[in-house]
Amino acid sequence: RLQWGDNAVIATLCSEFASSGNGFGIVLAADVVYDERSVIPLMSTVTALLAPENGLFVLSFTHRGVNLESILEQATHAGLSVVADITPPHQQQQEDHRRTSNADK
C-alpha cells in the first residue's frame with residue numbers, strides 16, 4: 001500500500017519496480033486529491049517516485065475542496081515544471097458533444 005510521504009515504501013517501490021531503481025518515467029494520478037492537507041505529501045511522493053531525468057507526472061482531478069492554485073503552487077515548490085491544461089467541466093461536455101455529433105455525420 002502506498003501512503004504518501006512514506007519514504008520506506010517509496011524506496012521499495014523504486015528498487016523493485018522502477019527501471020534500474022532510478023524512479024519511474026511516468027506517474028499517473030486521477031481523482032486522488034480531496035483534502036488540502038494531502039497536496040504536500042502527494043507532491044513529495046511524486047518527486048521521490050519520478051525518474052530524475054525526464055520523469056512525467058500527470059494529475060487529473062475534479063475540484064473537491066482543494067484549490068487548483070494550491071496544487072500548482074505545491075507542484076512548483078516540489079521542483080516540478082507545471083504545464084496546466086485546464087478545461088472547465090461544462091466546456092469539456094460541450095466539446096465532447098460536438099465530437100459525438102460530428103462523428104454521426
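Note that the structure is a prediction, hence the values are computed from the model and not measured.
Put simply, the side chain of Cys14 reaches to within 4.5 Å of the side chain of Leu49, judged on heavy atoms. Considering only heavy atoms from C-beta on, Val9 stays 4.5 Å or farther from Thr45 through its side chain. Leu42 is not listed as a side-chain neighbour of Ile71, based on a closest heavy-atom distance of 4.5 Å or more. For the pair Ser38 and Trp4, the minimum side-chain heavy-atom distance is below 4.5 Å. Residues Phe57 and Leu28 are not in side-chain contact: their nearest non-hydrogen atoms beyond the backbone lie 4.5 Å or more apart. Here the side chains of Leu80 and Val46 are in contact, with some heavy-atom distance below 4.5 Å.
Other residues, nucleotides and ligands contribute at most 12 non-hydrogen atoms within 6.0 Å of the CG atom of Asn54. For Ile40, the CD1 atom sits in a loose shell: 12 or fewer heavy atoms of surrounding residues, nucleotides or ligands are nearer than 6.0 Å.
In the hydrophobic cluster analysis, where Ile, Leu, Val, Met, Phe, Trp and Tyr join through side-chain heavy atoms closer than 4.5 angstrom, Phe17 is grouped together with Ile10. Residue Leu59 is grouped with residue Leu68 when hydrophobic side chains (ILVMFWY) are merged at heavy-atom distances under 4.5 angstrom, including chains of intermediate members. When the side chains of ILVMFWY residues are joined at heavy-atom separations under 4.5 Å, either directly or via intervening members, Val82 and Leu50 end up in a single hydrophobic cluster.
The line from CD of Gln74 to CD of Glu69 is 12.5 Å long, rounded to the nearest 0.5 Å.
Listed here is the closest heavy atom pair of Val66 and Tyr34: CG2-C, 3.6 Å. Of all the heavy atoms in Ser70 and Val39, the pair that sits closest is O-CG1, 4.3 Å.
Not one N or O on the side chain of Thr47 forms a donor-acceptor pair closer than 3.5 Å with the backbone of Ala78. Side chain of Thr12 to main chain of Ala8: a donor-acceptor pair is present (N/O by atom type, distance under 3.5 Å, no hydrogens or angles).
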